[in-house]
Structures are given as C-alpha cells and as structure tokens.
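In what follows, every heavy atom counts, from backbone to side chain, and hydrogens, waters and symmetry copies are set aside. As the structure is a computational prediction, the values presented were derived from the model and not from experiment.
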Amino acid sequence: MSTATLTPNRSRDVQLAEIGTNTLILRSRTWERLKFEVEYSRQKGTTANSYLIQADKKVLIDPPGESFTEIFLAELAQNLDFTTLDYIVLGHINPNRRATLKVLLSLAPQVTLICSRPAANALKTAFPEWESRIQSVRSEDTLDLGQGHLLSFISVPTPRWADGLCIYDSATKILYTDKFFGAHICEDALFDEDWKALDAERRYYFDCLHAPQAKQVEAALDKLAIFGAKSYAPAHGPVVRYSLSRFTYDYRQWCQGQKSQELSVALLYASAYGNTAILASAIAQGLIENGINVESINCELADAAEITRVVEACDGLIIGSPTLGGHAPTQIQTALGIVLAAGAKTKLAGVFGSYGWSGEAIDLIESKLKDANYGLGFETIRVRFSPTPYVLQQCQDAGATFAQTLKKTKKLRTSRQVVTEAQVDRTEQAVGRIIGSLCVVTTRDRDNHKGILTSWISQATFNPPGIMIAIAQEQNVDLMRHPGDKFVLNILKEGRNVRRYFSRNSSLGENPFANLPTQTAENGCLILNEALAYLECTVQNQLECGDRYLIYAVVNRGEVLENDGFTAIEHRNSGSQY
C-alpha cells in the first residue's frame with residue numbers, strides 16, 4: 001500500500017489510506033477549482049472520494065469522474081488485481097462517472113454494478129450492453145462481503161439526485177454518504193480533526209446542494225439515523241469522524257432555518273442532460289443568499305399532488321425546462337398546467353432552460369405565464385448547450401433580483417392592508433371567484449388605435465343585445481363613456497399568445513398592434529384576427545361607480561372567427577386586484 005501524500009502540489013494526485021478494517025480510501029485530489037458549478041466557486045479545490053473494501057468479496061464504492069480516470073486507475077492497480085473485483089457500488093451516476101466506469105468494466109469484465117433503480121434504468125439506457133451486469137437495490141437490501149462486512153443499502157432520492165444511494169458497513173460502522181456531509185476543499189488532512197475550521201466550507205456546500213431540497217434531506221437524515229454510524233465517508237472532503245454528531249445536528253438546523261424563511265419560492269424543473277439542473281442550482285443560490293426559502297421540485301420525480309401543494313403554498317415560482325424534439329418534457333407540461341390552474345396570478349414568476357438546437361419549450365412556458373397575467377421576476381434565461389461561468393453568474397444574479405422583487409412586492413401588499421388580514425383574505429378570495437371572459441377592447445382616437453386587456457365584461461340585455469363593461473380612468477375611458485362612442489370587443493381564444501401585447505392600462509406611446517394581424521371593423525376600430533370572436537359596439541349609457549365607470553353598449557354586429565376552441569377565461573384568487 002502506498003503512503004498518503006503529505007505535501008500539497010499543484011498537480012492532481014490520488015491520496016490513499018486505510019480508514020477501517022479491510023477498507024481503503026482513494027482521494028482523487030485537485031488543488032484548483034474542478035468545475036464551474038456554483039458549489040465549486042470557493043476555489044479551494046476538491047477531492048473525489050472512492051472506497052475499496054477487500055473482504056472475501058471485493059467492492060469499489062463510487063469511482064471518480066473522467067477528470068481523474070487515468071491517475072485513479074493507476075493508483076487502484078497498485079492495490080487491486082482487477083480480475084478479483086466483484087462489485088462496483090454507485091451512490092449516484094452522472095456522465096463524468098460513466099467515462100471511468102467504461103474503462104473499469106473493460107479491465108474487470110466480471111464485475112457486477114450495484115445502484116438504485118433510477119440509476120440502473122439510466123445506465124441501461126446509456127449502455128444497453130451492460131444490462132446483464134447491473135443489479136438494482138432498494139432500502140433494506142443487503143450484500144454480504146464476508147468477514148463481517150454486511151453492506152446495507154439506503155435509498156435517499158432528492159430532486160437533484162433522484163438515484164441517491166447510501167451504504168452502511170456493519171463491520172467498520174462506516175456510512176458511505178455520497179453527496180451528504182461533504183465539502184469542496186482539498187487538503188492533506190484525511191479526517192476532520194480540525195472540524196471547526198471546516199464550518200464555512202460545510203455550510204457553503206450545504207447551501208449550494210441541499211438547501212433547495214431541505215424537505216428531502218430531512219427525510220434522508222431520518223433514514224440514516226437508525227444505523228448508528230461511527231464515521232461518515234462522503235463523496236467530497238474529509239472523512240467525518242470527530243464531528244459526526246455536530247455535523248448531523250448542523251444539517252437538521254440548516255434545514256429548519258431554510259424552511260423557516262418568511263418568503264418561499266417553488267423551483268420546478270426537469271433536466272434531460274443535467275444542464276437545466278445546473279442552472280436551477282445557480283438560481284437557487286441567488287435566492288438563498290438573499291434570505292428566500294427555496295423548495296426545489298424535480299418534476300420527473302414529483303406527483304401532481306406534491307406539485308400542487310408547493311405551487312399553492314409558495315410566494316413565487318420559477319420553471320425550468322430543456323427542449324426535447326421541439327417540446328417541453330411531458331412532466332413540465334403537466335407542472336405548467338398545475339401552475340396555471342392552481343397558482344394565484346399575483347405570484348411572481350420566472351422562466352429558464354437549456355436547449356441544443358432550439359428553445360421552443362422555454363418560449364412556450366414564458367408565453368403561457370404571460371398569457372395568464374403572471375409578472376416575471378427576471379428576464380427569461382435561455383442557454384444553449386452547457387452553461388458557462390458567465391451564464392451561471394447571470395443565473396445567480398437573476399435569483400437575487402427575483403428575491404429583492406419578491407420582498408418589495410410583499411412589503412407593498414402589507415402596507416396596503418386596511419382591515420385585518422383575515423377579513424381581507426375571506427372577502428377578497430370570495431370576490432376573486434367571480435370569473436370573466438378575457439377580452440381586448442379596441443378603441444380609436446382619430447388615427448391612433450388603442451387597446452386594453454380586461455375581463456370585467458358581461459352580457460346585459462337580450463333585445464337589443466347589449467353588454468356591460470367596467471373600466472377605469474386610465475383605461476381609455478374618455479373614448480368609451482359618451483353615448484355614440486364606438487369600440488370593438490375582441491374575445492380571446494384559450495391557448496393563444498395574444499394577451500402579452502396588451503396591458504390593463506392604456507398603452508399610450510406604444511403600438512400593441514404592430515406584431516398582430518388585424519382588420520378594420522365597420523365602426524373604424526381594429527379586429528384582432530387571432531381572436532375567437534368579436535363584437536362591434538356602440539355606447540348607450542354610462543354610470544360612475546366607485547373607482548370604475550360602468551358602460552352599457554349595444555352590439556351592432558359580431559362574428560365568430562373560429563368555430564373550434566374555447567374562450568379564454570381569467571381565474572383570480574383575490575378580488576383586490578387583477
């Protein structure tokens with residue numbers, strides 16, 4: 001067995017040492033930043049920890065990624081005859097780790113790969129020729145290596161690592177924790193003797209990787225607690241031996257602290273190749289650094305009930321998606337439908353995603369949210385292929401901007417309260433259950449055409465056919481309140497991206513019709529060709545009521561532009577605002 005490296009140098013190396021009976025650690029080390037993801041940004045290097053147990057059966061736990069493939073296998077070959085290796089156990093898989101696995105399996109064709117069921121499915125898809133060599137395990141499954149080494153497997157799925165798996169060895173009482181209890185720091189110290197000096201690195205690692213999935217982390221901690229481990233062997237950083245109780249306590253406190261933040265954001269995403277997940281992590285970091293609780297939901301794992309719960313409870317929501325074959329994944333489409341149906345339109349929203357050749361999924365989500373009248377907390381983020389450090393900084397900045405906007409919005413709403421919150425909630429929620437057809441009212445001021453978005457319209461009379469519309473002073477009321485004034489009521493179609501061109505107020509100085517096909521009605525106002533139907537109207541009477549004018553107009557003529565389709569309907573959770 002080779003000795004551990006004691007003097008750091010700038011080249012990558014592998015530190016090898018014994019940490020238990022028949023148990024070696026191989027720490028693939030880099031003294032510089034390994035990757036551009038947010039969790040590596042403290043620039044203190046990292047270790048990729050692998051473990052070798054050599055009992056009657058031999059098992060390798062968590063080989064490193066391709067950055068270390070060559071030097072790792074060279075060091076491993078000095079301590080293992082590859083033809084005698086029985087198992088490789090994977091705490092999780094990713095594309096980098098697959099590169100090392102490919103070489104390992106060529107050197108040890110007899111090996112059985114052990115991993116969780118989600119990991120097994122991913123490996124079989126990527127390497128169908130390995131199918132007979134892959135064995136999936138779940139919680140309560142065990143593997144007897146002989147000489148007292150009985151391995152117990154614990155499934156610990158999280159939004160970021162759906163395939164998470166921890167391993168406990170009863171002989172050494174070592175718990176192999178993979179992504180839990182780690183830190184990105186490279187040093188010679190194998191164990192955590194000086195654990196207080198590690199506090200900053202441990203907390204930063206937690207905030208980057210685990211704070212957005214605090215609920216799932218707490219569930220994992222409960223599963224791991226029953227094993228009575230004496231050491232934690234993580235994927236990165238020193239082995240935890242001296243601060244095991246304190247570190248476990250810190251994880252629970254950090255989870256509670258994250259969940260107790262006043263404002264919460266739901267971060268919904270799916271990630272085909274990992275790029276969208278990296279973007280999500282960077283956005284989450286910007287939110288967390290600004291005191292926002294982030295609840296990360298991987299839509300590929302969550303059911304409709306879980307997504308609905310998070311959407312209803314959050315103060316803001318952000319959706320991220322890859323584009324696959326010109327579309328958003330089915331899981332994202334389902335989540336978007338839940339957001340549009342269950343989420344209050346007063347919530348702040350955001351959109352991001354990655355793509356290869358096109359970004360239709362990102363555009364679809366953005367247009368649907370805008371059509372539903374959601375306000376966006378940052379400019380939509382579109383990333384082609386893998387994100388760069390510059391892009392990830394933009395994502396962090398976007399998260400910070402979203403957080404500050406959310407806080408300002410919360411403060412404004414609080415300052416506007418006049419009666420008790422309970423009264424406001426009950427009354428406003430009740431009034432908000434009044435729904436209406438979403439329409440664009442077009443008017444004309446000499447040669448200038450104007451339009452406003454509204455749903456405060458209802459049929460008022462049968463003979464003659466007439467409608468009632470409520471409008472405010474800033475909604476071009478002077479062009480509609482006098483008897484004889486003309487306007488066109490354009491009734492919008494569900495699913496059409498038309499509403500984004502119009503606001504609730506007058507669009508003075510702007511031309512919302514520039515990008516829309518229109519035609520001129522007989523009364524001189526504009527008809528939107530993408531509307532479901534339209535009515536040409538003439539004002540008969542008006543009445544000033546509260547902060548609105550009630551306008552009664554007769555319908556002179558109308559036409560259904562499309563026989564198929566449904567009227568766009570506006571659903572509100574509050575009667576105090578649109």
Side-chain angles (χ1 to χ4, degrees), residues 38-39 91-92 116 118 138-139 154-166 175 177-182 202-227 232 234 247-271 276-320 331-332 334-335 338-339 342-343 347 350 399 402-403 406:
V38 176
E39 57 262 32
H92 75 283
S116 66
R138 56 187 179 182
S139 291
I154 311 102
S155 177
V156 285
T158 62
R160 187 159 179 182
W161 296 284
D163 57 347
L165 186 72
C166 292
L175 182 62
T177 57
D178 193 39
K179 290 295 184 179
F180 297 101
F181 303 110
R202 288 175 165 182
R203 181 60 191 266
Y204 187 77
Y205 181 93
F206 175 89
D207 283 347
C208 289
L209 300 187
H210 296 308
Q213 50 190 24
K215 180 181 178 181
Q216 293 84 357
V217 171
E218 286 184 319
L221 293 176
D222 291 339
K223 290 182 179 181
L224 301 179
I226 66 175
F227 288 94
Y232 290 156
F247 206 179
T248 305
Y249 172 82
D250 285 343
Y251 256 54
R252 290 196 180 275
Q253 290 297 107
W254 295 339
C255 285
Q256 286 298 316
Q258 176 65 11
K259 295 195 306 180
S260 66
Q261 297 287 359
E262 181 181 5
L263 297 173
S264 176
V265 169
L267 184 57
L268 312 173
Y269 70 92
S271 189
T276 307
I278 292 173
L279 300 178
S281 178
I283 293 171
Q285 187 63 17
L287 292 163
I288 291 165
E289 289 177 351
N290 285 272
I292 303 295
N293 174 41
V294 179
E295 187 154 3
S296 182
I297 298 292
N298 185 336
C299 296
E300 296 174 90
L301 307 177
D303 58 25
E306 175 71 0
I307 296 173
T308 301
R309 179 193 66 79
V310 173
V311 167
E312 290 180 340
C314 71
D315 298 287
L317 54 94
I318 301 174
I319 306 178
Q331 298 91 335
I332 288 294
T334 299
I338 293 172
V339 167
K347 295 181 190 289
F402 194 98
L406 195 60

Query raised in the report: side chain to side chain contact (heavy atoms under 4.5 Å, CB included) with Q261: which residues, sequence neighbours excluded?
Result: N293
**Report entry** Residue pair L406 / L287, side-chain heavy-atom distance below 4.5 Å
**Finding:** no
Query raised in the report: CZ/F402 to CG/L263 distance, rounded to the nearest 0.5 angstrom?
Result: 10.0 Å
Query - Gap between atom CG of L175 and atom OH of Y232 - 0.5 Å precision - result: 6.5 Å
Query raised in the report: Can you tell me how far the NE2 atom of H92 sits from the SG atom of C166, to the nearest 0.5 Å?
Result: 11.5 Å
Query raised in the report: Which pairs pass salt bridge (Lys or Arg N to Asp or Glu O under 4.0 Å) with one or both residues in residues 248-257, sequence neighbours excluded?
Result: D222-R252, R246-D250
Query raised in the report: Could you give the distance from CH2 (W161) to OG (S116), rounded to the nearest 0.5 Å?
Result: 13.5 Å
Query raised in the report: Quick one: are I297 and L267 in side-chain contact, heavy atoms under 4.5 Å?
Result: no
Query raised in the report: Looking at residues at least two apart in the chain, or sitting in another chain, which of them share a side chain to side chain contact (heavy atoms under 4.5 Å, CB included) with Q216?
Result: T158, P159, Q213
Report task. Locate the shortest heavy-atom distance separating V310 from A266; write the atom from each residue and the value. Result -> CG1-CB, 3.2 Å
Query raised in the report: When rounded to the nearest 0.5 angstrom, what distance separates CD in Q285 from CD1 in I283?
Result: 12.0 Å
Query raised in the report: Residues in ring pair (Phe, Tyr, Trp, His ring centres under 6.0 Å) with F227, at least two apart?
Result: Y168
Query raised in the report: Mind checking what makes salt bridge (Lys or Arg N to Asp or Glu O under 4.0 Å) contact with K215, not counting sequence neighbours?
Result: E306
Query raised in the report: What are the two closest heavy atoms between A335 and C299, and how far apart are they?
Result: CB-SG, 3.7 Å
Report summary line: Rounded to the nearest 0.5 Å, the CG atom of L268 sits from the CD1 atom of I307 at a distance of 6.5 Å
Query raised in the report: In terms of side-chain geometry, is the basic nitrogen of K347 or E312 positioned less than 4.0 Å from the acidic oxygen of its partner?
Result: no
Query - D315 vs V265 side-chain heavy atoms within contact, under 4.5 Å - result: no
**Report entry** Partner residues of A162 under the side chain to side chain contact (heavy atoms under 4.5 Å, CB included) criterion, sequence neighbours left out
**Finding:** L301
Report summary line: In short, A403 meets I292 closest at the heavy-atom pair CB-CG1, 3.5 Å
Report task. Give the C-alpha distance, both sets of side-chain angles, the deciding distance and a yes or no for side-chain contact (heavy atoms from CB on, under 4.5 Å) between Y204 and L209. Result -> CA-CA 9 Å; Y204 187 77; L209 300 187; over 6 Å; no
Query raised in the report: Do L165 and D178 have side chains that get closer than 4.5 Å, going by heavy atoms?
Result: no
Query raised in the report: Quick one: salt bridge (Lys or Arg N to Asp or Glu O under 4.0 Å) partners of K223, sequence neighbours excluded?
Result: none
Query raised in the report: Which residues satisfy the side-chain hydrogen bond (donor to acceptor under 3.5 Å, both in side chains) test with E218, sequence neighbours excluded?
Result: Q256, K259
Report summary line: Heavy-atom closest pair (A277 atom, S271 atom, distance to 0.1 Å) is N-OG, 3.1 Å
Requested in this report: Please report the closest heavy-atom contact between H210 and Y251, naming both atoms and the distance.
Outcome: CD2-OH, 3.4 Å
Report task. Can you see which heavy atom on S155 is nearest to which on S139, and at what distance? Result -> N-OG, 2.8 Å
Query raised in the report: Taking only residues two or more places apart in sequence, or in another chain, which ones meet Y269 in a ring pair (Phe, Tyr, Trp, His ring centres under 6.0 Å)?
Result: none
Query raised in the report: Does any non-hydrogen side-chain atom of T248 lie less than 4.5 Å from one of F180?
Result: no
Query raised in the report: Is there side-chain contact between V339 and I319, with at least one heavy-atom pair below 4.5 Å?
Result: yes
Query raised in the report: Taking only residues two or more places apart in sequence, or in another chain, which ones meet Y205 in a side-chain hydrogen bond (donor to acceptor under 3.5 Å, both in side chains)?
Result: none
Report task. Would you please say whether a donor-acceptor pair under 3.5 Å links the side chains of S281 and R160? Result -> yes
Query raised in the report: Would the number of heavy atoms belonging to other residues, nucleotides or ligands and lying under 6.0 Å from CZ of R138 be above 12?
Result: no
Query - Residues that T276 engages under side-chain hydrogen bond (donor to acceptor under 3.5 Å, both in side chains), provided they are two or more places apart - result: S354
Requested in this report: Return the set of residues passing side chain to side chain contact (heavy atoms under 4.5 Å, CB included) with A211 (not counting sequence neighbours), or none when no residue passes.
Outcome: F206, D207, Q258, I288
